[in-house]
Amino acid sequence: RMQEGKKNTLDVKLFDEAADGVDAVKRSSTVTSFPSTASTACPGAFSSPCPSDFSSPWPSDFSTPSIATWTLSSASQRLLPTADVARPHRGVPAAHPPSVHKLAAWALLVLVVVLCGGWCMHELLPTAPKWSLRQHPGTRRRHVVDGRDVWVYLPSKARAGTPLSAVMVLHGSYDSALGIMEASAMEHVAEADSSFIAVFPEMAQCKGISWGYGNASEVKFFRDVSNLLTRQYLVAMDQVFAVGHSSGGSMTLFLQNHLPDVFRGVAAVEAGLPEKQEWTGNGRPTMVVWNHNDPVLAEYGGEQLYNDTLSMLRRRDPTGAGPSSVEPLSTSGGVVNAELLTWPARGSNPSTSVVSWKSSAPTHSWLNPTNIKGTTLDASKMVWQFFKNILVTPS
């Protein structure tokens with residue numbers, strides 16, 4: 001019961017309707033009485049508006065505001081009273097002054113807002129939930145796919161009902177999904193563009209040495225991640241892309257040949273061929289970002305690896321010709337030379353682009369102004385522009 005003018009505590013329990021137990025989530029929230037003035041916006045500190053299709057589970061003529069246990073319905077995306085607790089009685093004269101009832105209703109509304117607000121979602125659901133909860137723009141959320149973390153960033157200006165693209169960003173050896181999230185700053189590109197979500201999957205082995213090139217479990221994992229994105233985030237099935245750094249980039253080169261039905265295009269940053277293997281497919285449009293002063297790439301063959309990677313990517317070009325265009329790029333800061341090489345689609349060979357650059361000091365870092373001081377070049381922006389160009393080119 002809510003007491004006017006005093007601080008009231010409501011214990012809210014969320015039950016996972018797909019689970020046997022009742023301890024899926026439990027959270028106690030302390031709320032202070034609010035005035036009875038009606039408002040359609042979420043109060044005060046809650047900046048995210050409630051979903052337009054979210055309705056309060058309280059009946060309008062309740063008389064006993066005593067419900068404290070609720071079930072989160074994945075089908076209706078509503079908080080519903082559980083079957084074994086007291087419900088408001090319809091048609092019974094109110095036992096308290098109307099202002100007390102309004103106060104209780106507003107207190108519950110605040111709790112509902114907390115549950116549906118984007119910031120609280122991260123607090124309540126630190127791991128992938130077993131239920132489906134409405135997504136709010138401008139949020140970062142963790143899912144678990146085949147036992148592995150997959151982080152998804154949905155930009156704040158993404159338009160509801162509009163199909164989105166997705167860019168998976170794969171980390172390198174001994175790195176993590178959160179590490180490449182920071183190093184690549186792909187979330188910032190997604191936020192600025194608003195037409196794609198940034199996705200950061202984890203290796204099967206946390207901070208392992210490499211992705212499982214050719215492993216059946218790895219192929220299944222990327223198919224399952226793609227299915228998650230199309231099912232929960234309104235991602236168009238033909239607009240899924242991948243970019244990776246180092247070992248993650250070698251994996252994307254593998255994926256463009258072995259999963260062309262999943263990925264529309266890929267990019268590899270500071271990475272070459274994963275290993276000598278037979279590629280039988282035509283592949284997908286690919287961008288390579290290559291630093292010719294990268295000590296890690298040098299260990300794996302350096303310029304020979306660079307040439308082998310380009311030869312494999314252009315293996316079905318019937319002309320065998322070089323790039324159709326070479327565009328100079330900015331050489332400010334720690335970049336001593338840079339150019340963009342472009343090969344168009346020829347025959348059954350898809351298009352290829354290469355950002356060929358050289359740093360003043362040896363580095364294996366992702367190219368952007370944060371990692372390479374003084375430069376204006378940003379691999380994430382160039383990669384996304386490459387993917388956008390693919391979208392306007394007939395498949």
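For clarity, every value in this text was computed on a predicted model and none was experimentally measured.
In this structure Ser247 satisfies the side-chain hydrogen bond (donor to acceptor under 3.5 Å, both in side chains) test together with Tyr213, sequence neighbours excluded. Scanning for side-chain hydrogen bond (donor to acceptor under 3.5 Å, both in side chains) contacts around Ser246 gives His364, with sequence neighbours left out. A search for side-chain hydrogen bond (donor to acceptor under 3.5 Å, both in side chains) contacts involving Ser351 returns nothing, not counting sequence neighbours. Not counting sequence neighbours, the partners of Glu187 by the salt bridge (Lys or Arg N to Asp or Glu O under 4.0 Å) test are Arg140.
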N/O donor-acceptor pairs under 3.5 Å from side chains in residues 314-323, not counting sequence neighbours:
from, atom 1, to, atom 2, distance (Å)
Arg314, NH1, Pro350, O, 2.7
Arg314, NH1, Thr352, OG1, 3.1
Arg314, NH2, Asp317, OD2, 2.9
Arg314, NH2, Pro344, O, 3.2
Arg315, NH1, Met312, O, 2.6
Arg315, NH2, Asn257, OD1, 2.9
Arg315, NH2, Gly281, O, 2.6
Arg316, NE, Gly281, O, 3.2
Arg316, NE, Asn282, OD1, 3.1
Arg316, NH2, Thr280, O, 2.7
Asp317, OD1, Thr319, N, 3.0
Asp317, OD1, Thr319, OG1, 2.8
Asp317, OD2, Arg346, NH1, 2.9
Thr319, OG1, Ala321, N, 3.1

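Listed by first then second residue, pairs satisfying side-chain hydrogen bond (donor to acceptor under 3.5 Å, both in side chains) with a partner in residues 158-167 read Ser165-Gln239, not counting sequence neighbours.
No donor-acceptor distance shorter than 3.5 angstrom exists from the side chain of Thr342 to the backbone of Ser324, with no hydrogens or angles considered. Of the possible donor and acceptor atoms, none in the side chain of Asn337 sits under 3.5 Å from a partner among the backbone N and O of Trp357. Between the side chain of Ser311 and the backbone N or O of Asn307, at least one donor-acceptor pair lies under 3.5 Å. No side-chain donor-acceptor contact under 3.5 Å links Gln304 to the backbone of Gly301.
In the hydrophobic cluster analysis, where Ile, Leu, Val, Met, Phe, Trp and Tyr join through side-chain heavy atoms closer than 4.5 angstrom, Val240 is grouped apart from Leu234. Hydrophobic clustering places Val326 together with Trp343 (ILVMFWY residues linked when any side-chain heavy atoms are closer than 4.5 Å, directly or through intermediates). Residues Val150 and Leu170 share a single hydrophobic cluster, defined by chaining ILVMFWY side chains whose heavy atoms lie under 4.5 Å apart. Following chains of ILVMFWY side-chain contacts shorter than 4.5 Å, one cannot reach Met181 starting from Tyr174, and the two form parts of different hydrophobic clusters. Both Leu313 and Tyr300 are members of a single hydrophobic cluster when ILVMFWY side chains are connected at heavy-atom separations under 4.5 Å.
One finds no salt bridge joining Asp175 and Lys207 here, because no Lys/Arg side-chain nitrogen approaches an Asp/Glu carboxylate oxygen to under 4.0 Å.
For the residue pair His245 / Ser184, no side-chain donor-acceptor distance below 3.5 Å is found, with atom types taken as modelled. Counted by atom type alone, Ser156 and Glu191 present one or more donor-acceptor pairs between their side chains at under 3.5 Å. Using modelled atom types, one finds a donor on one side chain and an acceptor on the other under 3.5 Å when comparing Ser359 with Asn291.
Ring centroid separation for the pair His171 and Trp366 does not come in under the 6.0 Å cut-off. Residues His258 and Phe263 place their aromatic rings such that the two centres sit no closer than 6.0 Å.
Remark: Arg264 fails to qualify as a cation-pi partner of Phe387 under the 6.0 Å distance and 45° angle criteria applied to the six-membered ring.
Atom CZ of Arg223 is separated from atom CG of Leu259 by 5.0 Å, given to the nearest 0.5 angstrom. Rounding to the nearest 0.5 angstrom, the gap separating the CG atom in Asn368 from the NZ atom in Lys373 is 9.0 Å. Note: Ile197 CD1 to Trp151 CH2 = 14.5 Å, rounded to the nearest 0.5 Å.
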Margin query: Please evaluate residues Lys358 and Glu339 with respect to the criterion salt bridge (charged side-chain N to carboxylate O under 4.0 Å, His left out), reporting the C-alpha separation (whole Å), side-chain torsions for both, the decisive distance (0.1 Å), and the verdict.
Written below: CA-CA 10 Å; Lys358 184 176 182 179; Glu339 56 187 11; over 6 Å; no

Check: After noting the C-alpha distance and the side-chain angles of Phe241 and Leu391, does the key distance pass the side-chain contact (heavy atoms from CB on, under 4.5 Å) rule?
Finding: CA-CA 11 Å; Phe241 301 91; Leu391 291 175; 3.6 Å; yes

Notebook entry, point to check: Are Val225 and Asn227 close enough, and set up right, to give a side-chain contact (heavy atoms from CB on, under 4.5 Å), and what steps lead you there?
Noted result: CA-CA 5 Å; Val225 173; Asn227 290 336; over 6 Å; no

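The environment of CD in Glu303 is crowded: more than 12 heavy-atom neighbours from other residues, nucleotides or ligands sit within 6.0 Å. His188 NE2: 12 or fewer foreign heavy atoms inside a 6.0 Å radius.
Checking Leu367, Val269, Leu305 one by one against Trp290, the side-chain contact (heavy atoms from CB on, under 4.5 Å) holds for a single residue, Leu305.
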